[in-house]
Amino acid sequence: MIIRDQIERVVSAALHEAQASGALPPAHWEGGGSVERPQKAEHGDFASSLPLRLARQMRMSPMAIAERIAEQAPAREPVSRVWTAPPGFVNFELDRGWLASQVDAIREAGAGFGEIEAGDGVRAQVEFVSVNPTGPVHAGHARGAVVGSALANILEAAGFDVQREYYVNDAGSQMEAFNVSLLARYLQLFGVDAEIPEDGYQGSYMADLAEEIRQEVGDEFVSMAAESAAARIGEIGLRRMIEMIREDMRSLNVEYDRWFSERSLFDGGQYHRVLDLLREGELLVERGGATWFLSSALGDDEDKVIVRKTGAPTYFATDVAYHYNKFFEREFDRVIDVLGADHQGHVRFMKAFTSALNVDADRLDLLIYQLVTLKRGSETVRLSKRTGNIVTLRELVEEIGPDACRFFFLSKAPGSQMDLDLELAKRESEDNPVFYIQYAHARIAGILREARERGIDFEDGGVSLLTHDAELELIRRMTQLPEVIGMIAESLEPQALPHYALDLAKSFHPFYQQCRVVSQDPNDLALTKARLKLVDAVRVVFARCLSLMGMSAPERM
RNA sequence: GCGCUUGUAGCUCAGUUGGAUAGAGCGCAGCCCUGCGGAGGCUGAGGCCGUGGGUUCGAGUCCCGCCAAGCGCGCCA
């Protein structure tokens with residue numbers, strides 16, 4: 001149960017009570033959304049601005065309304081005090097005894113702490129990264145990987161039934177260019193004068209891949225007809241590329257539930273089914289030998305070619321089929337596509353065809369993250385997969401580590417543009433908030449080790465002894481995690497989580513400074529036990545945050 | 001040119017969906033170790049929230065213009 005919702009309910013009940021008794025006039029209010037965490041501690045734990053919002057309708061001063069509501073809001077658990085403040089707030093303070101009791105509640109919830117029911121078991125799919133399997137994943141894609149995977153974790157905690165998916169573009173012209181390029185590299189190993197096509201992949205990784213394949217199959221493809229050789233060697237190359245990408249993702253602590261093949265859309269018949277659907281809807285038209293989708297009629301800025309005059313489908317076609325598959329065949333209630341800003345222009349098209357398929361707009365979320373500009377010092381690093389001049393995701397992770405990398409990308413709003421200076425990244429990561437958070441977790445682990453060595457069993461500790469301001473501040477902070485998770489599930493902007501973890505660490509370190517946990521004095525045993533319970537609860541919350549962010553929670557550093 | 005996104009402290013960025021005196025980290029200037037991990041704690045300086053209008057009890061947050069930056073505008077994906 002999110003405490004803010006409880007307060008919201010108290011406010012709402014008080015309002016109705018005041019209206020029923022005639023103290024306040026009737027008013028139209030949708031309810032909810034008026035309660036927030038004030039910035040200043042002196043304003044309490046929660047504040048409602050409802051009186052300010054109702055003043056006009058009720059033709060009363062906000063302060064008068066606040067008074068009437070406050071009168072009807074009982075100061076009983078979890079609230080200990082209700083008061084009004086100008087220009088028209090109703091403030092609430094949480095009961096200190098109730099706060100202390102949350103320590104037991106958090107320890108009991110354990111790794112499940114923070115779970116809420118907002119998602120209500122809704123089947124949600126998060127698709128992210130999905131770069132073409134024609135080369136290594138570059139460093140800029142780390143942002144999508146981190147945002148997508150963390151979001152999936154958080155949605156799961158918020159009660160959604162989540163599936164993480166990678167869409168493998170194993171069909172289409174880029175794949176053909178990959179096949180031909182790979183065959184050329186392979187033939188070169190045998191002294192054959194084969195040229196990599198203009199639009200092919202020039203990167204040196206292609207030569208490495210060709211060499212691996214030569215070692216595996218020998219000269220099998222040398223004498224084969226070019227077309228079938230390209231297809232065959234491409235098949236082997238594709239498998240290896242996918243495996244490589246899977247390892248790239250693992251280096252960032254990203255695991256997928258499913259790798260979905262674009263090609264399977266043709267095998268499974270979705271492609272033809274969708275074209276028929278669009279044709280029945282009279283949304284397809286032949287122009288210049290090609291088939292066009294009239295997406296401009298549905299809000300897109302221009303019509304799109306669905307089938308080329310060569311008869312080959314464009315990626316627009318397969319994307320429609322893919323989403324048809326997501327919504328109608330696999331029946332996801334909700335689909336979230338995490339896309340780089342270079343796919344911005346695709347958004348209107350996707351909105352257009354989903355509306356053509358009669359999918360409610362709110363079932364599809366397109367989360368666009370801004371591209372990362374890679375730099376070395378003041379030098380901008382140009383990224384191009386085809387020329388092979390790339391900084392790979394693996395290089396980035398090896399240089400600054402997966403935890404710093406994840407925190408770095410996660411702590412910024414996906415929509416904000418950012419530079420990543422590779423030379424500074426490592427140096428900064430050593431003086432990074434990441435360590436501030438992980439250090440707190442390691443400190444707690446150290447305290448619990450100490451207690452264990454002394455043979456202190458604190459299961460019977462009484463949390464009511466937790467009355468120090470630093471202790472209560474820490475508990476207040478811990479109780480916010482469910483709210484943070486709920487907020488992120490709503491906004492799909494995960495940056496609140498790393499900032500929350502930072503706030504928790506900021507509450508923990510002063511506590512540590514002021515409150516000795518394991519006392520040397522045997523007379524303090526009761527307090528020692530209570531504080532051991534407290535730090536154990538804090539450990540639970542840190543571990544939960546770090547795990548949701550896909551980061552490690554070290555016992556020692 | 002058109003479209004989408006962004007502009008907050010010296011630097012990197014938050015800002016709880018329109019609320020009370022705009023926050024953090026780094027950097028800078030100081031202070032704090034007879035004890036569980038100093039990768040820590042405390043204090044201070046630093047702001048016309050790009051800019052000009054508008055909406056209202058109230059705007060960093062919403063709307064419009066302008067300026068600047070990133071991305072997009074292929075029968076590539």
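Quick caveat: nothing in here was measured; it's all calculated off a predicted structure. Residue numbering restarts at 1 for every chain, and letters A, B, ... go by the order of the sequence lines. Keep in mind that the numbers below use all heavy atoms, side chains included, and drop hydrogens, waters and symmetry copies.
Between the C1' atoms of B:C26 and B:A14, the separation comes to 14 Å (whole Å). A distance of about 15 Å separates the P atoms of B:U12 and B:G50, rounded to the whole Å. Distance check on atom C1': B:G15 versus B:U8 gives 9 Å, rounded to whole Å. Taking atom C1' in both B:A20 and B:G58, one finds a spacing of 10 Å when rounded to whole Å. Using P as the reference atom, B:C49 and B:A22 are 10 Å apart when rounded to the nearest Å. When the C1' atom is used for both B:A39 and B:C33, the distance is 15 Å, rounded to whole Å. Taking the P atoms as reference points, B:G38 lies 13 Å from B:U34, given to the whole Å. Of the P atoms belonging to B:A9 and B:G60, the separation is 15 Å, rounded to the nearest Å.
Within 4.0 Å (heavy atoms only), A:Gln514 reaches no atom of the nucleic acid at all. At a threshold of 4.0 angstrom between heavy atoms, the contacts of A:Ala413 are confined to the sugar-phosphate backbone, with no base atom among them. If you check every strand for non-hydrogen atoms under 4.0 Å, A:Ser173 touches sugar and phosphate atoms only. Residue contacts shown for A:Thr310 are absent, as no nucleic acid heavy atom lies under 4.0 Å away. Among the protein residues, A:Lys304 comes within range of no part of the nucleic acid, since none of its heavy atoms lies under 4.0 Å from any strand. Within the 4.0 angstrom heavy-atom criterion, base atoms lie near A:Lys309. Using a 4.0 Å heavy-atom cutoff across all strands shown, A:Glu453 reaches no nucleic acid atom at all. Within the 4.0 angstrom heavy-atom criterion, no nucleotide atom of any strand lies near A:Gly289. Within the 4.0 angstrom heavy-atom criterion, base atoms lie near A:Glu555. Heavy atoms of A:Ala85 sit under 4.0 angstrom from at least one base atom. Across all strands shown, A:Tyr436 has heavy atoms under 4.0 Å from sugar-phosphate atoms exclusively, and none from any base. Contacts of A:Asp342 with the nucleic acid, taken as non-hydrogen atoms under 4.0 Å apart, involve only primed sugar atoms and P, OP1 or OP2. Contact annotation for A:His509: backbone-only contact, meaning every heavy-atom pair under 4.0 Å involves sugar-phosphate atoms and none involves a base. Residue-level contact check: A:Arg348 touches the backbone only, with heavy atoms under 4.0 Å from sugar-phosphate atoms and none from bases.
Atom-to-atom, CE of A:Met557 to P of B:G38 comes out at 13 Å; the value is rounded to the nearest Å. Separating the OH atom of A:Tyr439 from the C1' atom of B:C36 is a distance of 11 Å, rounded to the nearest angstrom. The CG atom of A:Asp303 sits 13 Å away from the P atom of B:G74 (whole-angstrom rounding). Atom CZ in A:Phe511 sits about 13 Å away from atom P in B:G37, given to the nearest Å.
Both stacking criteria are satisfied for A:Phe89 over the base of B:A20: a centre-to-centre distance under 5.5 angstrom and an angle between ring planes under 30 degrees. Taking a centre distance below 5.5 Å and an interplanar angle below 30 degrees as the stacking criterion, A:His43 stacks against the six-membered base ring of B:A20.
With 3.5 Å as the limit, one finds no donor-acceptor pair spanning the side chains of A:Gln495 and A:Ser411. In the model, A:Thr84 has a side-chain atom that pairs as donor or acceptor with a side-chain atom of A:Glu67 under 3.5 Å.
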Are any protein N/O atoms closer than 3.5 Å to N/O atoms in nucleotides 31-35 of chain B? If there are, list each pair with its distance.
residue, atom, partner, partner atom, Å
B:G35, O2', A:Arg516, NH1, 2.4
B:G35, O2', A:Arg516, NH2, 3.0

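With its glycosidic angle more than 90° from 0, B:U5 is assigned anti. Base orientation of B:C33: syn, the glycosidic angle falling within 90° of 0.
Using N1 to N3 plus N6-O4 or O6-N4 for Watson-Crick, or N1-O2 and O6-N3 for G-U wobble, each under 3.5 Å, B:U16 pairs with nothing. Figure legend. B:G10 is base-paired to B:C26; pairs are counted as Watson-Crick or G-U wobble with both atom distances under 3.5 Å. Under the Watson-Crick or G-U wobble criterion, with both distances below 3.5 Å, B:G3 is paired with B:C71.
Checked against a 6.0 Å centroid threshold, the rings of A:Tyr512 and A:His509 do not count as neighbours. Aromatic ring centres of A:Phe349 and A:His343 lie farther apart than the 6.0 Å criterion allows. For an aromatic pair to be called close, the ring centres must be under 6.0 Å apart, and A:Tyr166 with A:Phe128 fails this.
For A:Gln174, whose side chain is taken as the heavy atoms from C-beta onward, the closest listed nucleotide among B:A77, B:U56, B:G23 is B:A77. Taking the side chain of A:Pro433 as heavy atoms from C-beta on, and the options B:C75, B:G25, B:U16, the nearest nucleotide is B:G25. You'll find that the side chain of A:Tyr315 is closest to B:A77, out of B:C75, B:A22, B:A77.
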| message | Assess the residue pair A:Gln438 and A:Arg443 against the criterion (side-chain hydrogen bond (donor to acceptor under 3.5 Å, both in side chains)); give the C-alpha distance rounded to whole Å, side-chain angles, the decisive distance to 0.1 Å, and a yes or no. | response | CA-CA 9 Å; A:Gln438 292 183 324; A:Arg443 259 187 163 172; over 6 Å; no
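For A:Arg59, the CZ atom is loosely surrounded, since the number of other residues' heavy atoms within 6.0 Å does not exceed 12.
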